[in-house]
There are 2 protein chains.
Amino acid sequence: MDKEKEQPTVDQLFIGVDVGGTNIECGVVAPNGKIISRSYCATLVQDGVDAVIDRIADTINEAIAALPVSERRQIAGVGVGIPGMVDPVNGISLNAVNLGWRNVPLAAKLTERLHIPVKIENDVNSYVYGEAVYGAGRQFNYVLGLTIGTGLASAFIINGEVFGGAGHLAGEIGHIPFDDIPYVCNCGQTGCLETIVSATGIARQAADAVSNGMDTMLARLLEQQGSLTARDVSIAHEAGDRIATAILNRTGIMLGRALAAIVPTLSPDVIIIGGGAAQAGEALIAPLTSELRSRLLPIFAERLQVRTGELGSNAGIIGNAMIAKFSANN
Amino acid sequence: MDKEKEQPTVDQLFIGVDVGGTNIECGVVAPNGKIISRSYCATLVQDGVDAVIDRIADTINEAIAALPVSERRQIAGVGVGIPGMVDPVNGISLNAVNLGWRNVPLAAKLTERLHIPVKIENDVNSYVYGEAVYGAGRQFNYVLGLTIGTGLASAFIINGEVFGGAGHLAGEIGHIPFDDIPYVCNCGQTGCLETIVSATGIARQAADAVSNGMDTMLARLLEQQGSLTARDVSIAHEAGDRIATAILNRTGIMLGRALAAIVPTLSPDVIIIGGGAAQAGEALIAPLTSELRSRLLPIFAERLQVRTGELGSNAGIIGNAMIAKFSANN
């Protein structure tokens, strides 16, 4: 840490913003990690880059306006989480497929509108950063986090700092290829882990089970709804459907196998599982943990913790705010 | 970096020491990374911990004594590389099977004898650190290095700093399990990568090929010598033996498969391959690289470099000296 920079007062407030393809969510985060003011709006990607950036700025101003006047001047920085490839040093959203953005100098454009320092980060890094600082990873130095959502991605937080890797490209755990996964991934490769371990992957396995004529209530759900989701698989599992249980089991085992290749090389203290599909809970986490532990040397199996995220949808907002705080203090 | 500490003068010299089960090798390293004085002796593990530590100290003093008097006072620190588990913060060799050491407070015992600051590190971390600072990784920020020797281990250097992970246990890439590897590892697990990707593993595959009745000159070598080494497989390959070539090919492919699980998560700039078995050269590196690239997303395949170590057996000495330098300056 640069000792010549002024240390922040304990009263500084930081703002975290999560920008997704559907919504922009914003929160003012107090030094204790609590969100003390919130705002949100629809992203409306189709309006174009500048309209979305205007809306991000408006949403931030709204969260600030909701604070008592005395606290407004305590705002010391903004962190914004963006899907896809990000250059956090130069504040550029390099490629956000959900937003249709390429090479958008988001930090500069927001700083211009807000006159507050702005940092940007990949949204999975932000989520795991929030969990690492104030959530399930708060007492650990080496935090590997995963989000099992539409896709599967990872982030690694080392001693309170996001690990970016070369080109800030680290975290693509979803694209580890497996020879025994037959599915073609959106990325063009065959066998990517996320074709099974994701909400999409769980739904795909469910559709496959039905089309293979398996005896499962998922067949009835598909007939009623016309399509199946990961949530349907969780519901069927809770209702005692053995095929649904087997799908979650296989999903957990595949993730356990992938993590068994990463843990000996990285030695994380804790693995945090988050994202929508993680709501399947123990039906997914138990086989994951059991498969992973069975494949690890005892020195790793004994000390490694596997936990689900604690902060839910607040993790991104808190993580983005804490990334802005880290940047202000370093 | 702590700005309040005094910066070193450009003339400071650091000593690197590699302690193996057979030899102790020592070198004084100049600020340009060159070794300007060397000494070595046999380890003679059977004499016990204190006798070996005395010999390490004597070897260091010998290298210092060989310097011109004016340079002796420029020695600013010693770095010692030790096999096995190391606690670098407290300077303790936790478990070095080759040396028969457990919980040896090596740094304190050497400082007591030498009156010079001593840092210790795992020898694979030191080797890769040397390559990262002055060898094949010198222009990169994220350096993943492997040593293919008796076993297989890895080290990761991030922005000029050894990445230790939880419990300083990172780097056990050799113990990633594969379902299609049938061999039982020294660690007790079945299917560990190092049962194939190591000098021992290459020799084991050669012995298997002979006992399976394959048509190979390795059969004649085995008959003549009574046993086979990885070096025999390289020699047979160079003589055009197709079975030997297939063994090196399979070894490279297995390592490529393991690295394909690690690269997307870590995004190293470069992978450096070192250790004795790496002397098989292109016969091993070419299939490794080709298998790895075929399994990576284009964003990783395009930017990742795979290189062999450049410093040979000097990498450990240089790395240990540079770890002592890093410690003196941070």
Side-chain angles (χ1 to χ4, degrees), chain A residues 1-4 85 95 140-144 146 153-156 158-159 161 163-180 185 187-193 257-270 294-300 302-305, chain B residues 1-4 85 94-95 140-144 146 153-156 158 161 163-180 185 187-193 257-270 294-300 302-305:
Chain A
M1 199 194 302
D2 192 332
K3 302 270 174 169
E4 285 161 20
M85 282 170 61
N95 190 5
F140 300 106
N141 296 318
Y142 301 94
V143 178
L144 182 65
L146 309 176
S154 58
F156 193 38
I158 305 175
N159 294 319
E161 201 165 342
F163 171 77
H168 208 71
L169 292 172
E172 294 292 354
I173 193 174
H175 297 283
I176 298 178
F178 281 80
D179 290 340
D180 53 355
C185 184
C187 76
Q189 275 197 126
T190 298
C192 284
L193 182 62
R257 280 174 60 189
L259 288 168
I262 292 164
V263 168
T265 308
L266 276 192
S267 188
D269 285 299
V270 62
S294 77
R295 289 171 175 263
L296 292 177
L297 293 183
I299 46 167
F300 295 113
E302 283 157 13
R303 67 175 298 147
L304 181 70
Q305 305 277 316
Chain B
M1 201 193 303
D2 192 332
K3 303 269 174 172
E4 286 160 20
M85 280 171 61
L94 296 171
N95 189 6
F140 299 108
N141 296 319
Y142 301 95
V143 178
L144 182 65
L146 310 176
S154 58
F156 193 39
I158 304 175
E161 202 166 342
F163 171 77
H168 208 69
L169 292 172
E172 296 292 355
I173 192 174
H175 297 285
I176 298 177
F178 280 80
D179 291 340
D180 52 356
C185 184
C187 77
Q189 276 197 125
T190 297
C192 284
L193 182 62
R257 280 174 59 188
L259 289 169
I262 292 164
V263 169
T265 308
L266 277 191
S267 189
D269 284 299
V270 62
S294 77
R295 288 171 175 264
L296 292 177
L297 293 184
I299 47 167
F300 294 113
E302 283 157 14
R303 67 174 298 145
L304 180 70
Q305 305 277 316

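Values below: every heavy atom of this structure, side chains too, minus hydrogens, waters and symmetry copies. All figures in this text were calculated on a predicted structure; none of them were measured in a lab. Residue numbers begin at 1 in each chain, while the letters A, B, ... track the order of the sequences.
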**Student:** Looking at A:Phe163, A:Phe178, A:Phe156, which one has more heavy-atom pairs under 4.5 Å with chain B than the rest?
**Tutor:**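 The residue among A:Phe163, A:Phe178, A:Phe156 with the greatest pair count is A:Phe163.
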**Student:** Quick check on B:Pro268 against chain A: is it the side chain, the backbone, both or neither that has a heavy atom closer than 4.5 Å?
**Tutor:** backbone
**Student:** Could you tell me which of B:Gly167, B:Cys187, B:Ser154 has the largest number of non-hydrogen atom pairs under 4.5 Å with chain A?
**Tutor:** B:Gly167
**Student:** Which bit of B:Leu193 is near chain A, if near means a heavy-atom gap under 4.5 Å: side chain, backbone, both or neither?
**Tutor:** neither
**Student:** Please report the closest heavy-atom contact between B:Pro177 and A:Ala260, naming both atoms and the distance.
**Tutor:**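 Looking at all heavy atoms of both residues, the closest pair is CD-O, 4.1 Å.
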**Student:** Would you check if the side chain of A:Ser267 reaches a backbone N or O of B:Ala166 as a donor-acceptor pair within less than 3.5 Å?
**Tutor:**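 A pair under 3.5 Å: yes.
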**Student:** Identify the heavy atoms of A:Ile176 and B:Ala261 that sit nearest to each other, and give their distance.
**Tutor:** CD1-O, 3.2 Å
**Student:** Would a 4.5 Å heavy-atom cut-off, applied to side chains only, mark B:Ile158 and A:Ile158 as touching?
**Tutor:** yes
**Student:** Rounded at 0.5 Å granularity, tell me how far CG in A:Asp179 sits from CG in B:Asp179.
**Tutor:**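 Answer rounded to 0.5 Å: 11.0 Å.
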**Student:** Might you point out which heavy atoms bring B:Arg295 and A:Gln189 nearest each other, and give the distance in Å?
**Tutor:**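 Nearest pair, atom of B:Arg295 first, then A:Gln189: O-OE1, 3.0 Å.
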**Student:** Once rounded to the nearest 0.5 Å, what's the spacing between atom CG of A:Leu297 and atom CD of B:Glu172?
**Tutor:** 6.0 Å
**Student:** If you count heavy-atom pairs under 4.5 Å between each of B:Asp269, B:Val263, B:Ile173, B:Leu169 and chain A, which one has the most?
**Tutor:** B:Leu169
**Student:** Below 4.5 Å from any heavy atom of chain A, which atoms of B:Asn141 appear? Answer side chain, backbone, both or neither.
**Tutor:** neither
**Student:** Checking B:Arg303 against chain A: side chain, backbone, both or neither under 4.5 Å from a heavy atom?
**Tutor:**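 Looking at B:Arg303, just its side chain touches chain A.
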